[in-house]
Amino acid sequence: MTCMYLLYMPELPEVETVVRELKSLEGKFFSRVVVHWDRTIEGSTVEFLEQLRRKQIAVVFRRGKYICIELNTGDRITIHLRMTGKCIFEPSERDRNYSRVEFIFSDRSTLYFVDTRKFGRIKWWPKQEEFLSQLGPEPLESEAVLKAFLSCKSNREVKKVLLDQAILAGVGNIYADESLFLARIHPMMPFVEVSRLKLKRLAETIPVVMRQAIENMGTTLSDYRNTKNMGGENQNYLKAYGQTGEPCCRCKTKIEKIVIGQRGTHFCPRCQTL
DNA sequence: CCTTAGTCCTGCATGC
DNA sequence: TGCATGCAGGACTAAG
């Protein structure tokens with residue numbers, strides 16, 4: 001048994017789990033913000049700090065894979081965790097070495113943005129600016145997903161379409177593989193060639209996969225932790241992702257791993273045919 | 001319009 | 001044991 005080194009990718013369910021905890025920030029005032037790694041802030045860090053100065057948080061919500069923080073001024077802040085980003089109130093010793101931004105509030109509580117690989121991004125959006133307008137619909141209702149599919153005429157592989165945030169907002173590598181496995185669609189299949197029946201099946205599957213993962217507080221493979229530094233449970237329910245060489249739960253054929261668009265893709269070659 | 005490759009980053013795994 | 005190398009990847013950008 002080889003020890004698999006798996007990365008964590010915060011997708012919609014992981015971000016949703018974090019956002020639910022970050023709701024505790026609503027009503028708090030920024031007291032001091034410290035930026036340790038400048039590139040974490042998109043745009044001008046000086047302006048970022050200026051715009052947050054003494055402002056109050058009104059609402060915390062999620063859009064796709066973005067954590068959204070709306071201020072009383074109507075301006076917003078987005079946090080994208082990318083690969084290894086974490087929002088933590090009580091960092092471990094190790095976490096402290098990778099703390100990129102710290103938000104200190106007037107009640108003396110502190111939110112640490114910890115990010116080993118420095119891919120995560122935090123951005124301030126003025127009230128009047130168009131906000132995350134390039135994102136597709138949320139993949140939590142099968143009707144919305146089917147509608148998005150039916151208006152998509154892409155010739156790209158179905159897996160690539162699922163990862164395209166402009167088509168659906170929030171699906172990432174893990175849940176794309178899981179959804180395609182459950183819907184029995186080969187990830188390499190050109191999207192336009194997927195039958196109407198299979199598209200309908202996929203549209204019904206994705207929200208189920210997402211909701212189940214939210215219920216399980218997300219998938220923890222290596223780095224994912226919620227704000228209390230605890231992992232989720234959904235990794236125990238994965239049927240395709242990270243199961244390379246393991247028997248398919250339906251037909252016992254070994255799960256294979258291929259690369260599509262520079263991303264590891266797991267599927268059952270018997271259940272998911274071209 | 002499309003698709004592909006490169007970029008950012010670092011820890012961990014592998015190989016010699 | 002130690003050191004070099006390569007791999008992973010979300011979103012963006014540049015090139016073809």
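In the text below, chain A, chain B and the rest are named by the order of the sequence lines, each starting its count at 1.
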Phosphate-side-chain proximity, A:His80 and C:dA11, N/O vs OP1/OP2 below 4.0 Å: yes

How many Å lie between [atom1] on [X] and [atom2] on [N], as a whole number?
X: A:Lys123; N: C:dC12; atom1: NZ; atom2: P; result: 9 Å
X: A:Lys153; N: B:dT3; atom1: NZ; atom2: C1'; result: 20 Å
X: A:Ile258; N: C:dG9; atom1: CD1; atom2: P; result: 12 Å

A:Arg250 atom CZ: more than 12 heavy-atom contacts under 6.0 Å: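 Count over threshold, so yes.
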
Results of salt bridge (Lys or Arg N to Asp or Glu O under 4.0 Å) for A:Glu42 - residues two or more places apart only: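 Salt bridge (Lys or Arg N to Asp or Glu O under 4.0 Å) check on A:Glu42 returns nothing, list empty.
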
Ring centre gap for A:Phe149 and A:Phe191 strictly below 6.0 Å: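 Ring centres of A:Phe191 and A:Phe149 closer than 6.0 Å.
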
Pair A:Phe105 + A:Phe30: ring centers closer than 6.0 Å: yes

A:Phe119 aromatic ring stacked with six-membered ring of C:dA11, 5.5 Å and 30°: no

Closest-nucleotide 5' rank along DNA chain B - winner of A:Gln262 and A:Asn155: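 The answer here is A:Asn155.
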
Closest-nucleotide ordering on DNA chain B, the 5'-leading residue of A:Glu157 and A:Lys118: A:Glu157

A:Lys123 charged N/C atom sitting above A:Trp125 aromatic ring, 6.0 Å / 45°: yes

Under 4.0 Å, heavy atoms only, any strand: does [X] hit a base, just the sugar-phosphate, or nothing?
X: A:Asn173; value: sugar-phosphate
X: A:Lys160; value: sugar-phosphate
X: A:Arg39; value: sugar-phosphate
X: A:Gly261; value: nothing

Pair of N/O donor and acceptor under 3.5 Å linking C:dA8 base with A:Arg117 side chain: yes

Contacting residues from residues 128-140 of chain A, given that a heavy atom lies under 4.0 angstrom of DNA chain B: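 Per residue number, the list is empty: none.
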
DNA chain C: stems of at least 3 consecutive Watson-Crick or G-U pairs whose donor-acceptor distances fall under 3.5 Å: B:2-16 with C:2-16

